[in-house]
Visitor: 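Here you go, one structure.
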Amino acid sequence: MWNGSIKFIRKGSRQQNKNGFIQEEETYTESIPASFTDVTRNDEILAAQKGYTANRNIEVMECNYNGEESLLDESDNSMYDIKRTYRKDKAMKIIMTCERRQNGTI
């Protein structure tokens, strides 16, 4: 059923360092089982209309998702920004359409 795992990246408190730059603390959730699928043509069209590139669809149980904006693919340490989420009718899973970050890794 699951073919991989992810960690959500949660934003923490914002603090100013001694040089005056704002730093935001990030924490990672525990490992969460996920299903990785390719994006569909409809996902690509919608992404192009919204101004981003859809690279991957990732499906997790609804109880694990709390509105996070980004995640880490544990298989290759790639970071993704969550651009769109949706739930199929009567399903307990959330499907996230994600865009890979430009630098790609941590």
Side-chain angles (χ1 to χ4, degrees):
M1 179 172 184
W2 307 111
N3 60 6
S5 62
I6 62 166
K7 289 184 179 182
F8 285 114
I9 302 169
R10 295 195 174 141
K11 303 287 182 184
S13 61
R14 298 179 73 179
Q15 297 178 352
Q16 189 171 8
N17 66 9
K18 64 182 180 180
N19 297 327
F21 294 103
I22 302 283
Q23 289 183 326
E24 193 166 28
E25 184 180 317
E26 292 182 343
T27 58
Y28 295 91
T29 61
E30 293 182 17
S31 183
I32 298 170
S35 292
F36 294 87
T37 57
D38 294 330
V39 294
T40 63
R41 182 70 182 143
N42 288 339
D43 292 329
E44 290 176 348
I45 292 169
L46 183 61
Q49 290 173 349
K50 297 282 186 175
Y52 66 92
T53 303
N55 297 108
R56 178 155 284 193
N57 281 337
I58 301 172
E59 185 175 7
V60 296
M61 293 300 292
E62 186 176 14
C63 61
N64 291 322
Y65 179 68
N66 293 313
E68 291 86 0
E69 298 176 357
S70 53
L71 59 87
L72 173 74
D73 178 0
E74 290 188 310
S75 65
D76 61 359
N77 286 335
S78 296
M79 294 185 81
Y80 291 91
D81 290 322
I82 301 169
K83 296 296 189 175
R84 183 173 78 109
T85 61
Y86 61 96
R87 184 171 66 97
K88 293 180 184 175
D89 291 335
K90 299 181 183 179
M92 296 179 66
K93 297 176 187 168
I94 294 285
I95 300 171
M96 302 171 288
T97 303
C98 302
E99 178 182 36
R100 187 177 176 150
R101 287 199 180 167
Q102 189 168 4
N103 61 355
T105 58
I106 299 176

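Residue numbers run from 1 in the order of the sequence given.
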Visitor: Taking atom types as modelled, is there a side-chain donor on Ser78 or Asp76 under 3.5 Å from an acceptor on the other?
Guide: yes
Visitor: To the nearest 0.5 angstrom, please state how far the CD1 atom of Ile58 sits from the CG atom of Asn3.
Guide: 10.0 Å
Visitor: Can you tell whether the side chains of Asp73 and Arg100 come within less than 4.0 Å, N to carboxylate O?
Guide: no
Visitor: Rounded to the nearest 0.5 Å, what's the gap from CG on Asn55 to CG on Asp43? Could you check?
Guide: 11.0 Å
Visitor: Treat each ILVMFWY residue as a node, draw an edge where side-chain heavy atoms are under 4.5 Å apart, and state whether Val39 and Met96 are in one component.
Guide: no
Visitor: Donor-acceptor check, side chain of Thr29 to backbone of Phe8, threshold 3.5 angstrom: yes or no?
Guide: yes
Visitor: Near Phe21 CZ, under 6.0 Å, is it more than 12 heavy atoms from other residues, nucleotides or ligands?
Guide: no
Visitor: Using the rule that two of Ile, Leu, Val, Met, Phe, Trp, Tyr join whenever any of their side-chain heavy atoms come within less than 4.5 Å, decide whether Tyr65 and Ile95 are in one cluster.
Guide: no
Visitor: Does atom CD (Glu69) have a neighbourhood of more than 12 heavy atoms from anything else shown, all under 6.0 Å?
Guide: no
Visitor: Begin with the C-alpha distance, continue with both residues' side-chain angles, and end with the deciding distance and a verdict on side chain to side chain contact (heavy atoms under 4.5 Å, CB included) for Lys93 and Lys88.
Guide: CA-CA 7 Å; Lys93 297 176 187 168; Lys88 293 180 184 175; over 6 Å; no
Visitor: When rounded to the nearest 0.5 angstrom, what distance separates CG in Asp81 from CZ in Arg101?
Guide: 4.5 Å
Visitor: Kindly check if the number of other-residue, nucleotide or ligand heavy atoms within 6.0 Å of CG (Asn17) is above 12?
Guide: yes
Visitor: Please assess Gln23 against Gln15 for the test side chain to side chain contact (heavy atoms under 4.5 Å, CB included), listing each intermediate value before the final yes or no.
Guide: CA-CA 5 Å; Gln23 289 183 326; Gln15 297 178 352; 5.7 Å; no
Visitor: Which residues pass the salt bridge (Lys or Arg N to Asp or Glu O under 4.0 Å) test with Glu99, sequence neighbours left out?
Guide: Lys83
Visitor: Where do Val60 and Pro33 come nearest, in terms of heavy atoms and distance?
Guide: CG1-O, 3.9 Å
Visitor: Do other residues, nucleotides or ligands put more than 12 heavy atoms under 6.0 Å from the CG atom of Asn19?
Guide: yes
Visitor: Look only at the side chain of Asn57 and the backbone of Thr37, and say whether a donor-acceptor pair between them is shorter than 3.5 Å.
Guide: no
Visitor: Check the pair Arg84, Tyr52 against side chain to side chain contact (heavy atoms under 4.5 Å, CB included), reporting the backbone distance first and the verdict last.
Guide: CA-CA 11 Å; Arg84 183 173 78 109; Tyr52 66 92; 3.9 Å; yes
Visitor: According to a 4.5 Å side-chain heavy-atom criterion applied to Ile, Leu, Val, Met, Phe, Trp and Tyr, with indirect links allowed, do Ile32 and Leu71 form part of one hydrophobic cluster?
Guide: yes
Visitor: How many angstroms lie between atom NZ of Lys7 and atom OG1 of Thr27, to the nearest 0.5 angstrom?
Guide: 11.0 Å
Visitor: For Met1, which fellow cluster members are found when Ile, Leu, Val, Met, Phe, Trp and Tyr are connected by side-chain heavy-atom distances below 4.5 angstrom, either directly or through intermediates?
Guide: Trp2, Met61, Met92
Visitor: According to a hydrophobic-cluster definition based on side-chain heavy atoms being under 4.5 Å apart (Ile, Leu, Val, Met, Phe, Trp, Tyr only), do Phe36 and Ile94 belong together?
Guide: yes
Visitor: State which residues pass salt bridge (Lys or Arg N to Asp or Glu O under 4.0 Å) with Lys11; sequence neighbours excluded, sorted by chain then number.
Guide: Glu26
